[in-house]
**Q** 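Before anything else, here's the structure in question.
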Amino acid sequence: MRIDVLTLFPEMFEAVFQASILGKAREKGLVSLGAINFRDYAENKHNTVDDYPYGGGGGMVLKPDPIFRAVEALAVEPEAAKPRVILLCPQGERYTQRKAEELSQAEHLVFICGHYEGYDERIREHLVTDELSIGDYVLTGGEIPAMAIIDSVVRLLPGVLGNEQSAVTDSFSTGLLEYPHYTRPADFRGWTVPEVLISGHHGNIEKWRRQQALARTWKRRPDLLESAALTKEDREWLAKLESENNHET
Ligand code: 4FV
């Protein structure tokens, strides 16, 4: 997979693209990661990439020409699939694990990171394929959202995570929140690890983990249960949780 980021602060991506999982994925050749300063594609006297809005009003608007030139300069091989061009903004589609799984199938992703009140609409209409938001809050720029999305997509690529299974059982990948994890020591300050996890009985361990994931999801994110794939056993366990909860209240 090829990923390019259009930004005014390419230096923000240097450490992120070299460290940890992303760095190893690059070294293994599983992904290529590039950060391009789209100011280099501003061909006006002062190299400006933003301008005042037509119609007046506060804030500056990202100009279309530097962005179009930067994307067109990515020199994608003619036979390569056209890239997904992703604009980061609060008005975008709310980013989820399902979207991460969808994007992980793409050959080429291009992220546009702005720092402005707005983006010239012609960028949205004629260049962008996806507008994404990482949450209902306003950041100073699209760089951190781009890093979050790139991180969540690259970890799903085959060969990136040492144990690919862990991506499958992550929170949200199963449609549920993740079950609790424990590691050595078995007794830490008197707080002990659940017996079942030390029993060596894999069937019981799997059942306990599923029940814990259901309970945690039921308590913290019941909305996820509406779309999760639940078995008859899952539903029986949830009904038990409900009845116990009703007796307590
Ligand atoms: C954002 C978000 C976000 C708004 C102004 C960048 C900033 C500036 N992007 N999810 N929340 N973007 O706040 O994706 O253009």
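This chain uses plain numbering: 1 for the first residue, then up along the sequence. Note that ligands are numbered from 1 as they come in the structure, with each ligand's atoms numbered from 1 the same way. None of the values given here were measured: they were computed from a predicted structure.
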**Q** Looking at R122 and E125, is any side-chain nitrogen of the basic one under 4.0 Å from a carboxylate oxygen of the acidic one?
**A**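 Salt bridge: no.
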
**Q** Can you find a pair of side-chain heavy atoms, one from E242 and one from W218, that are under 4.5 Å apart?
**A**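 Yes, side chains in contact.
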
**Q** Taking only heavy atoms of I134 into account, list the atoms of ligand 1 that are under 4.0 Å away from them.
**A**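 Atoms satisfying the 4.0 Å criterion: 10 (N), 14 (O).
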
**Q** Do L156 and L103 come close enough that some side-chain heavy atom pair is under 4.5 Å?
**A**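 With C-beta onward as the side chain, the pair stays apart.
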
**Q** Looking at side-chain heavy atoms only, is the closest gap between V85 and I112 below 4.5 Å?
**A**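 Touching, per the 4.5 Å side-chain cut-off.
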
**Q** Which atoms of ligand 1 are found less than 4.0 Å from any heavy atom of G141?
**A**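 It comes down to these atoms of ligand 1: 6 (C).
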
**Q** Flag L139 as yes when one of its N or O atoms lies below 3.5 Å from any N or O atom of ligand 1, and as no otherwise.
**A**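 Yes, since at least one N or O of L139 sits under 3.5 Å from an N or O of ligand 1.
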
**Q** Should you measure from each heavy atom of G114, which atoms of ligand 1 turn up under 4.0 Å away?
**A**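 Taking each heavy atom of G114 in turn, ligand 1 has 6 (C), 8 (C), 15 (O) under 4.0 Å.
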
**Q** Should V138 be counted as touching ligand 1, given the test is an N or O pair under 3.5 Å?
**A**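 N/O-N/O distance below 3.5 Å does not exist for this pair.
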
**Q** Checking a contact table here: which protein heavy atom is nearest atom 9 (N) of ligand 1, and how many Å away?
**A**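 Protein heavy atom at minimum distance: C89 N, 3.4 Å.
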
**Q** For ligand 1, which atoms sit closer than 4.0 Å to a heavy atom of L88?
**A**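 Matching atoms, with element in brackets: 9 (N), 14 (O).
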
**Q** As an exercise, identify every atom of ligand 1 less than 4.0 angstrom from a heavy atom of G135.
**A**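 Answer, ordered by atom number: 11 (N).
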
**Q** I'd like to know whether ligand 1 has L132 as a neighbour, heavy-atom separation below 4.0 Å.
**A**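 Per 4.0 Å heavy-atom rule, L132 contacts ligand 1.
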
**Q** Looking at R209 and E206, is any side-chain nitrogen of the basic one under 4.0 Å from a carboxylate oxygen of the acidic one?
**A**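 A salt bridge is absent here (no side-chain N lies under 4.0 Å from a carboxylate O).
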
**Q** Please report whether ligand 1 has a polar contact with G142, defined as an N or O pair separated by less than 3.5 Å (distance criterion only).
**A**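 No, G142 has no N/O under 3.5 Å of an N/O on ligand 1.
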
**Q** Return the closest protein heavy atom for atom 12 (N) of ligand 1 as residue, atom name and distance.
**A**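 The closest one turns out to be P90 CD, 3.8 Å.
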
**Q** Report the part of S133 in contact with ligand 1, treating N, CA, C, O as backbone and CB onward as side chain, heavy atoms under 4.0 Å; options are side chain, backbone, both, neither.
**A**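 Both the backbone and the side chain of S133 come within reach of ligand 1.
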
**Q** Tell me which part of Y119 gets within contact of ligand 1: side chain, backbone, both or neither, using heavy atoms under 4.0 Å.
**A**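 Contact part for Y119 vs ligand 1: side chain (C-beta onward).
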
**Q** Look at atom 11 (N) of ligand 1 and say which protein heavy atom is nearest, naming residue and atom and giving the distance to 0.1 Å.
**A**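 Nearest neighbour among protein heavy atoms for atom 11 (N) of ligand 1, to 0.1 Å: Y137 O, 2.8 Å.
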
**Q** Could you tell me the residue and atom name of the protein heavy atom closest to atom 5 (C) of ligand 1, and the distance to it rounded to 0.1 Å?
**A**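 The answer is Y116 O, 3.3 Å.
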
**Q** Does H181 NE2 have over 12 foreign heavy atoms under 6.0 Å away?
**A**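 Check passes, neighbour count above 12.
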
**Q** Using modelled atom types and a 3.5 Å cut-off, is there a donor and acceptor pairing between side-chain atoms of R26 and backbone atoms of F17?
**A**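 Side chain of R26 to backbone of F17: a pair is present.
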
**Q** Side chain, backbone, both or neither: which part of C113 comes within less than 4.0 Å of ligand 1 when only heavy atoms are counted?
**A**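 Neither part.
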
**Q** Please check if the number of heavy atoms outside I144 that lie under 6.0 Å from its CD1 is greater than 12.
**A**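 No, not enclosed.
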
**Q** Output yes when E236 and K240 qualify as a salt bridge under the 4.0 Å nitrogen-oxygen rule, no when they do not.
**A**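 No, no charged N to carboxylate O under 4.0 Å.
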
**Q** Answer yes when E101 and R98 have at least one side-chain N-carboxylate O distance shorter than 4.0 Å, and no when they do not.
**A**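 Result for this pair is yes, salt bridge flagged.
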
